[in-house]
Amino acid sequence: MFLFGIRRLLTALVALWGMATVVFLLLRVLPGDPAETLLAGSGASPEAIALTRQQMGLDDPLPVQYGRYLLSTARGDLGRSLFSNRPVTLAIAEQLPATLHLAMAAWLVMAVVGIGLGILAALRAGSWVDRLTMGGAVLGVSVPIFWSGLLLISIFSVGLNWLPATGAGSWRHLVMPAIVLGLVGAGPLARLVRSSLLDVLHADYITVARGKGLPSRIIITRHAVRNAMIPAINLMGLQAGFLLAGTVVTETVFARPGLGRVMVDAILWKDLPVVQGVVLLIAATYIAINLLVDLTIMVIDPRSRQT
Amino acid sequence: MKKMWGLFVLSLVCVQIIVTGCAPAARSPSASTPGTDTTRHGGKLVYGLTLAPSGIDPHVNASSELGIPLTSVYDNLVYRALDAETDTDQQFVPGLAQSWEVSDDGLAYTFRLRHGVTFHDGTTFNANAVRINIERVMNPDTRSQKAVFLLGPFESVEVLDEYTVTIHLSAPYAPLLDGLAQVYLGMASPAALTEWGMDYQFHQVGTGPFKFVDYVPNDHLTLVRNERYQWGPVLYDHAGPAYLDEIEFRFFTDPAGRALALEAGDTDVMGELPPLDAAQLERDVDFVVLPVPVPGQSLGLMLNSQRPPLDDSRVRQALLLATDRPAIVKAIFGEQSPVAYGPLTAITFGYDPSSANSYAYEPSRARALLDEAGWTDSDGDGIRDRDGQPLTLDAVLMTWGSVPEVAQLLQSQWAEVGVTLQAQTLTYPAALEAARQGKYHLIPQNYSGSDPDLLWSYYHSGVPFNWSQVSDSHLDEVLDRARSLPQPDQRSRAYADAQQRIMELALLVPIRDPVNLNAASGRVQGLRFDAHGWFPLLHDVYFEQVE
């Protein structure tokens with residue numbers, strides 16, 4: 001177990017280094033000069049633009065910039081935003097809570113709705129309930145957030161005045177964004193839970209359990225669902241990363257603060273240190289969640305522990 | 001037991017619906033005596049911003065969005081008059097400077113400052129404070145993105161006595177007063193600048209009608225009334241402190257959700273509404289739409305005059321004549337937006353109305369000019385060609401200003417005269433790079449500014465953002481001269497000359513004069529905007545009393 005932990009940690013570090021390098025290079029390949037972007041429209045002279053470029057450290061050769069970036073990142077310093085001149089770690093720390101609240105609430109919506117509907121559809125396979133649920137799942141995945149978000153705002157904020165349309169700060173602000181984002185992830189989850197539960201329900205050991213006369217409720221909760229959950233947990237881990245990315249649009253539609261908007265602005269304006277910092281954070285989160293998924297599966301599936 | 005819980009939760013939900021479902025999200029102003037001016041006092045205004053700036057230090061950052069809140073935090077030495085005839089001497093009115101004079105050679109501007117003004121932190125405003133502010137802007141370590149350029153050929157700042165200060169220039173620069181009238185050169189407390197250094201943007205201290213309380217990027221910015229405010233400029237309708245107790249600014253970056261946020265009561269004022277939403281709100285008695293024309297460049301597509309086939313002025317002129325601008329403006333920007341005829345908007349000082357009738361939609365003349373330039377449809381495919389090359393133009397577009405939609409209409413209008421337009425939409429930095437490399441025939445440009453000297457930054461040869469790539473000695477001479485002329489009427493004539501030359505050379509396809517479509521709840525009274533078009537004068541705003 002200890003060795004497993006060390007190995008996973010090393011793999012994670014290599015993955016992070018790889019990610020950091022790819023993002024660093026990708027940003028340098030993309031067209032655009034941050035100094036020029038910053039000063040466009042201000043009447044700046046070519047000399048002023050060149051001075052700003054130098055102040056930003058973009059004049060140095062690429063290996064020097066890369067070395068500086070790796071060293072400071074290793075020390076936990078993600079640099080300063082080229083545009084606001086604020087430390088990137090500070091900007092992230094400030095915006096992260098709002099994004100985490102949204103991603104976690106949406107993950108909860110996804111888990112409850114996805115697993116619930118998946119089980120319901122599997123138990124009523126072939127019935128109208130199944131067809132309705134699976135139709136809903138397709139709809140959930142296909143409706144874009146920028147549309148469903150505005151629809152919910154029109155109904156529940158403008159029409160009924162039940163919930164605040166925009167902003168953050170209370171659970172009431174979180175309801176609509178979490179539902180909108182969570183339902184997108186709930187669709188695929190419901191389909192997966194349904195199909196894997198159907199597979200399990202046709203397995204031999206379930207037939208044996210039925211043969212032994214165990215009540216249906218026990219068979220489903222103790223034997224079927226637990227086994228059917230393994231692929232679902234894998235997917236829920238992956239979806240956590242997807243939800244983190246999905247906060248970008250949701251935050252914009254509901255005018256919420258958060259990391260998503262910071263990153264989009266940083267990409268659009270080519271604010272190199274901010275993009276690098278946020279991408280690194282998302283990569284680290286992804287790796288951590290994957291680790292968590294592996295550990296969870298080890299706990300619930302004894303077979304995985306033997307390998 | 002479970003059923004009991006269910007009933008309890010259900011009843012809670014019902015109570016919630018009854019309590020909140022029927023009541024509009026009202027922010028009632030505090031009670032006050034009717035019939036006197038005090039009826040206007042009180043209340044908290046929520047103001048919707050449309051862009052989350054990367055930084056909001058006015059001396060450092062350049063976003064026009066930061067000026068919306070900060071115009072109320074700072075006072076300027078002078079202000080651009082709201083209702084002055086644009087070609088008279090009354091272009092500027094006193095602010096923190098009671099009066100000023102310009103030396104005969106145009107190199108020294110001496111300001112006599114108002115006495116008895118204090119910053120929000122109690123520091124006294126005086127000539128030394130002006131010096132410290134200007135020196136901060138000029139310090140390369142400040143990395144000023146806009147303010148430093150507003151000071152033009154700045155040389156030094158000299159304190160003559162406690163309330164007299166002189167700004168020395170190395171060359172005459174008439175737009176200086178316009179720069180000093182902008183929020184980017186608002187006067188900040190020297191004590192706060194020293195105390196907070198690079199973090200000053202989160203602890204701003206000015207002398208204006210509202211005090212800065214806090215700012216959380218992407219979330220909110222809060223101001224409260226400055227009770228000691230007695231030195232407002234004549235731009236304000238009333239003297240003394242502002243009416244509102246508090247203003248909270250919030251960020252609404254998604255255009256599609258702005259009108260909904262206003263209708264849901266999440267905000268009282270909202271800027272930059274999409275035209276269709278503004279038209280809808282106009283029909284709603286609960287809201288007022290306030291269209292504010294913005295001075296500066298018109299929204300237009302610059303024509304790269306160095307890249308064939310646009311190096312032939314006849315081809316550029318043909319494109320202008322083949323453009324049905326009123327149709328484009330009506331289809332995309334609605335009734336509230338004027339059609340643009342030249343490089344400057346009609347509201348800008350120095351705008352030349354004589355260009356209004358040049359290049360009206362005349363496809364037959366466009367065809368004749370293209371024929372004359374040797375571009376004919378020799379193979380009958382509907383696209384003109386010359387020496388086997390089709391007449392195809394590349395446009396580099398950006399996502400703002402509905403520019404991609406404009407390009408779509410241009411594609412179909414120009415196809416009528418046999419010109420193909422290929423459009424590519426890029427991010428802003430990528431578009432700037434394409435512009436620097438000259439890899440385009442057309443590229444949009446639309447920078448706002450209240451002084452026509454902005455033409456110098458976009459049409460003078462050799463400047464970085466001269467995207468029409470023009471190099472014209474007459475234009476250079478006029479633009480150089482115009483910025484050094486002391487009298488507004490002389491400048492106005494010079495800029496008329498510059499605009500006529502720009503249109504004669506057909507360096508851009510002007511489309512529309514930008515208009516900032518603001519809307520407010522019907523309860524919001526007294527909302528006006530300053531001469532720059534973007535910045536509200538919130539000092540006079542109050543809530544209508546509801547019985």
Side-chain angles (χ1 to χ4, degrees), chain A residues 30-34 36-46 48-49 51-52 55-56 81-86 91 94-95 98 146 149-150 153-154 156-158 160-169 249 251-258 261-262 264-271 274, chain B residues 16-17 20-25 48 52-57 60-62 140-141 143 145-146 148-150 198-199 201 216-220 250-254 256-257 260-261 263-267 399 426-434 436 447-449 453-454 456-457 462-465:
Chain A
L30 286 176
D33 171 15
E36 196 177 52
T37 308
L38 188 69
L39 296 179
S42 63
S45 63
I49 295 174
L51 177 70
T52 303
Q55 284 175 328
M56 287 174 166
S81 156
L82 297 181
F83 291 77
S84 71
N85 207 19
R86 290 183 75 208
E94 191 176 75
Q95 304 289 330
F146 61 81
L150 292 179
I153 292 176
S154 314
F156 293 104
S157 303
V158 179
L160 298 167
N161 212 353
W162 287 359
L163 292 165
T166 56
V249 182
E251 281 166 7
T252 309
V253 170
F254 290 97
R256 287 176 60 85
R261 283 167 62 188
V262 170
V264 169
D265 284 346
I267 292 172
L268 288 179
W269 289 82
K270 227 182 157 195
D271 194 342
V274 176
Chain B
Q16 169 89 353
I17 293 167
T20 61
C22 310
S54 57
I56 61 156
D57 184 328
V60 177
N61 301 108
D141 291 339
R143 290 162 76 166
Q145 299 156 19
K146 178 151 184 159
V148 68
F149 305 109
L150 294 175
M198 276 172 78
D199 269 341
Q201 64 167 327
V216 178
N218 272 325
D219 191 25
H220 72 275
R250 292 188 44 215
F251 302 95
F252 298 87
T253 52
D254 180 22
L260 285 175
E263 287 173 304
D266 281 14
T267 173
T399 49
L426 300 179
T427 63
Y428 190 46
L432 289 176
E433 180 142 332
R436 179 155 36 87
Y447 293 112
S448 60
D453 183 58
L454 60 83
W456 193 95
S457 303
V463 295
F465 300 100

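In what follows, every heavy atom counts, from backbone to side chain, and hydrogens, waters and symmetry copies are set aside. Proteins come first, then strands; the chains are lettered A, B, ... in the order of their sequence lines, and each starts at number 1.
- In this structure, A:Lys270 contributes its side chain and B:Pro429 its backbone to no donor-acceptor pair below 3.5 Å.
- Between A:Thr52 and A:Leu38, some side-chain heavy-atom pair lies under the 4.5 Å cut-off.
- Contact count versus chain B (heavy atoms, under 4.5 Å) is highest, among A:Pro46, A:Pro34, A:Ala44, for A:Ala44.
- Contact count against chain B (heavy-atom pairs under 4.5 Å) is highest for A:Ser84 among A:Ala266, A:Gly258, A:Ser84.
- Between A:Phe254 and A:Pro164, every side-chain heavy-atom pair lies at or beyond the 4.5 Å cut-off.
- Between A:Asp33 and B:Leu432 there is no side-chain heavy-atom pair separated by less than 4.5 Å.
- Between chain A and the options B:Asp141, B:Asn218, B:Val216, heavy-atom pairs under 4.5 Å are most frequent for B:Asn218.
- The backbone N or O of A:Arg261 lies less than 3.5 Å from a partner atom in the side chain of A:Glu251, making a donor-acceptor pair.
- Interface remark: B:Phe252 contributes backbone and side-chain atoms alike to the contact with chain A (heavy atom separation under 4.5 Å).
- With respect to chain A, the highest number of heavy-atom pairs below 4.5 Å among B:Val463, B:Thr253, B:Ile56, B:Leu426 belongs to B:Thr253.
- Taking B:Ser457, B:Gly55, B:Gly257, B:Pro217 one by one and counting their heavy-atom pairs under 4.5 Å with chain A, the maximum is reached by B:Pro217.
- Contact of B:Ser54 with chain A is made through backbone and side chain together, with heavy-atom distances under 4.5 Å.
- Using a 4.5 Å cut-off between heavy atoms, B:Asp219 contacts chain A through both its backbone and its side chain.
- Using a 4.5 Å cut-off between heavy atoms, A:Ser45 contacts chain B through its backbone alone, with no side-chain atom that close.
- Heavy atoms closer than 4.5 Å to chain B are found in the side chain of A:Asp265, but not in its backbone.
- By number of non-hydrogen pairs under 4.5 angstrom with chain B, the leading residue of A:Ala91, A:Pro257, A:Ala168 is A:Pro257.
- Interatomic distance, CG of B:Leu260 versus CD1 of A:Ile153, reported as 6.0 Å (0.5 Å rounding).
- Contact of A:Leu30 with chain B is not made at all, since no heavy-atom distance falls under 4.5 Å.
- Ranked by non-hydrogen atom pairs under 4.5 Å with chain A, the options B:Glu263, B:Met198, B:Arg143 are led by B:Arg143.
- Both the backbone and the side chain of B:Ala52 come within contact range of chain A, each with at least one heavy atom under 4.5 Å from a heavy atom of that chain.
- Of the atoms belonging to B:Pro140, heavy atoms from both backbone and side chain fall under 4.5 Å from chain A.
- Between B:Arg250 and A:Thr166 there is a side-chain heavy-atom pair separated by less than 4.5 Å.
- A salt bridge links A:Glu94 with A:Arg86: the distance from a Lys NZ or Arg NE/NH1/NH2 to an Asp or Glu carboxylate oxygen falls below 4.0 Å.
- Per-residue heavy-atom pair counts under 4.5 Å with chain B were compared for A:Asp271, A:Leu39, A:Val249, and the maximum is reached by A:Leu39.
- Between B:Thr427 and the choices A:Thr37, A:Ile267, A:Leu268, the side chain to side chain contact (heavy atoms under 4.5 Å, CB included) rule is met once, by A:Leu268.
- Taking the six-membered ring for Trp and thresholds of 30 and 60 degrees, A:Phe156 and A:Trp162 have ring planes inclined between 30 and 60 degrees apart.
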